[in-house]
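Below is one structure; the comments refer to it alone.
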Number of protein chains: 2
Amino acid sequence: MAQERSLPSVVERMWGREPVTRRGPRPRLDLAKIAAAAIEIADAEGLAGVSMASVASRVGVAATALYRYVGSKEDLLTVMADSAAPLPPEPAGMPWRDYLALWTRAHRDVLLDHPWLLSVGRLVPPMGPRRLLWLDRALAALDGTGLDDGEKINVASALTGYALTEAALVHSVGGGDPQMEEAGITGAGDYGEVLAGVLDPETYPSLSAALRSGALGGAEGWVDDEDFSFGLDLLLDGVEALIRRRGA
Amino acid sequence: MAQERSLPSVVERMWGREPVTRRGPRPRLDLAKIAAAAIEIADAEGLAGVSMASVASRVGVAATALYRYVGSKEDLLTVMADSAAPLPPEPAGMPWRDYLALWTRAHRDVLLDHPWLLSVGRLVPPMGPRRLLWLDRALAALDGTGLDDGEKINVASALTGYALTEAALVHSVGGGDPQMEEAGITGAGDYGEVLAGVLDPETYPSLSAALRSGALGGAEGWVDDEDFSFGLDLLLDGVEALIRRRGA
DNA sequence: TTAAAACTATGAACGTCATACACAGTACGC
DNA sequence: GCGTACTGTGTATGACGTTCATAGTTTTAA
């Protein structure tokens, strides 16, 4: 009864719960090798290039051999989503605000390094060792602030969401998105320009005004670093206000 | 040269730029009908149930007929992602903070009503008429606050990200996620319990502590409404501080 | 030492799917 | 009415995920 609930079986493997019996031929692979190969392909060709066959051939086995390690392609994506994350930045005694800023930026950068992560659903909730390590570090940074654990988790959650949206924005509008490139949109400026051509100012009054004012129009568009910091500070200001309220 | 950049061609159609020639048989379909059918299927069976064949049969044509309206299945998903959004809530003269809270909540609810949206990449940047209407309303709510257009957009962006993460969390951990259900995880409590069983407290000190304290453990887990409001207020507090700084 | 048992990788086969293409039918413009 | 342009159909194809029986390999037990 306590054992009724468990981790999804692939996830168990990610935590080192590999099968115990040591009989028969030694496995030539392990999850890590498979994930690494899949990630390399995804980085190079996008998620579309990741097929059971392509991954298998990269690690030098037949396609069907992978099913000894993952139950399905969905499983493979789950594993990829966790192992694509590098180690989180080191706290090194920073104040919580500095660290969380660094953390969120690094989080976004991971997503930009592996844009296909944006199309893989399995990002929240984190279940694998890597992403949970990230979560742990964010919580640790908030130790001693007077926030309770639930609040800390909520803060981390909000920051994660922010990193995700910003990354998606930068990626699609900043180049690399196939559908956007088909249309010749290679920057926030293009995006705003194109949009301005379609929008009816009557039904979209505020948005049209924003476009006219060039808020998405120049080199400093929706997507540059200043804007990222801006939104991030927004969030951190909120956190800071909360901490003050808690009277740390 | 001004025309070199355009909207992705399906998106053009979403904006009513249907072809002009009126010769040959009258089309029996239009994008809206196709999208509606696809969305019904996705709501009922998930994204996996959406195939060109299944959508086509639901609208009563052969599979290949759809290619008169969308260039590819990717295109179909793009259309779905926009037309699944209902009209945004009406401002009705609310203060900006009340409206944005309502807006963000409604945003999250859309994602919970159509969980498959979480797996469709094409959410940001918004390109279709529906999602841009949502954006417009958020910007409108911030009129008169002294924020400039770029700042307004950043605020909307952060709120969108928050809605997205929260929805993903509620959905996967709160039921409906196939991989989670396979493992018997049907609530935040289960999630925390299962996690606690795998985590090594040495490498995940803060997270383990949070789990022990039951921050994800009870009926009031990661995912309930109180937590949503909490994170939302965090963000809105940040916005409010900014507005004060701007001296509205 | 040998035989059974447990496990691994393989190759062929199947069903599903997205998509391309040639064709047949239909409405409008002259 | 005739050509033209467009719509929907049927067939075909190639890629892909996945299943299964099989052959090969290592360990355990006799």
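Note that the structure is a prediction, hence the values are computed from the model and not measured. Below, each value reflects all heavy atoms present in this structure, side chains not excepted, and no hydrogens, waters or symmetry copies. Within every chain, numbering begins at 1; the chains are lettered A, B, ... in the order of the sequence lines, protein sequences first and strands thereafter.
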(request) Describe, as an angle rounded to 10 degrees, how the axis at the first end of the helix from C:dT1-D:dA30 to C:dC30-D:dG1 is tilted relative to the axis at the last end, five pairs per end. (result) 0°
(request) Measure from NZ or CZ of A:Arg105 to the centre of the six-membered ring of A:Phe228 and say whether it is under 6.0 Å with the direction within 45° of the ring axis. (result) no
(request) Report the distance from atom CG of B:Asp30 to atom P of D:dG8, rounded to the nearest whole Å. (result) 11 Å
(request) Take the protein atom CG of A:Asp75 and the nucleotide atom C1' of D:dT18, then report the distance between them rounded to whole Å. (result) 13 Å
(request) For B:Glu74 and C:dT19, give me the distance from atom CD to atom C1', rounded to whole Å. (result) 14 Å
(message) Checking side-chain polar atoms at under 3.5 Å, does A:Glu181 have a donor or acceptor matched by the opposite partner on A:Thr186?
(response) no
(message) Under a plain distance cut-off of 3.5 Å, with no hydrogens placed, do A:Asp200 and A:Thr203 share a side-chain donor-acceptor pair?
(response) yes
(request) Could you tell me whether the side chains of A:Ser51 and A:Ser54 share a donor-acceptor contact shorter than 3.5 Å? (result) yes
(message) Between P on C:dA18 and CG on B:Leu66, what's the gap in Å once rounded to a whole number?
(response) 10 Å
(message) Let's see if you can work this out: which of D:dT11, C:dT8, C:dT10 has an atom nearest to the side-chain heavy atoms of B:Thr64?
(response) D:dT11
(message) For B:Gly71 and B:Pro25, find the nucleotide of DNA chain C closest to each by heavy atoms; which residue's nucleotide sits nearer the 5' end?
(response) B:Gly71
(request) For B:Asp43 and B:His114, run side chain to side chain donor-acceptor pair (under 3.5 Å): C-alpha distance rounded to whole Å, both residues' side-chain angles, the deciding distance at 0.1 Å, then the answer. (result) CA-CA 6 Å; B:Asp43 286 343; B:His114 307 291; 2.7 Å; yes
(request) List the atom of A:Ala167, the atom of A:Arg108, and the distance in Å for their closest heavy-atom pair. (result) CB-CG, 4.0 Å
(request) Using atom OH of B:Tyr67 as one end and atom P of C:dC23 as the other, report the distance to the nearest whole Å. (result) 21 Å
(message) Looking at D:dT7, I'd like to know if its phosphate oxygens (OP1 or OP2) sit under 4.0 Å from a side-chain N or O belonging to B:Tyr69.
(response) no
(request) Select base, sugar-phosphate, or nothing to describe what B:Ala62 touches, counting heavy atoms under 4.0 Å on all strands. (result) sugar-phosphate
(message) In this structure, how many angstroms lie between the C1' atom of C:dA20 and the CZ atom of B:Arg68, rounded?
(response) 12 Å
(request) On DNA chain C, check which nucleotide each of B:Arg23 and B:Ser72 is closest to and give me the residue with the more 5' one. (result) B:Ser72
(message) In whole Å, I'd like the distance from the CE atom of B:Met52 to the P atom of D:dT11.
(response) 20 Å
(message) Is the distance from the ring center of B:Trp15 to that of A:Tyr204 below 6.0 Å?
(response) yes
(message) What is the separation between atom CZ on A:Arg28 and atom P on C:dC7, rounded to the nearest whole Å?
(response) 19 Å
(request) Please determine if a side-chain N or O atom of A:Arg26 lies less than 4.0 Å away from the OP1 or OP2 oxygen of D:dT27. (result) yes
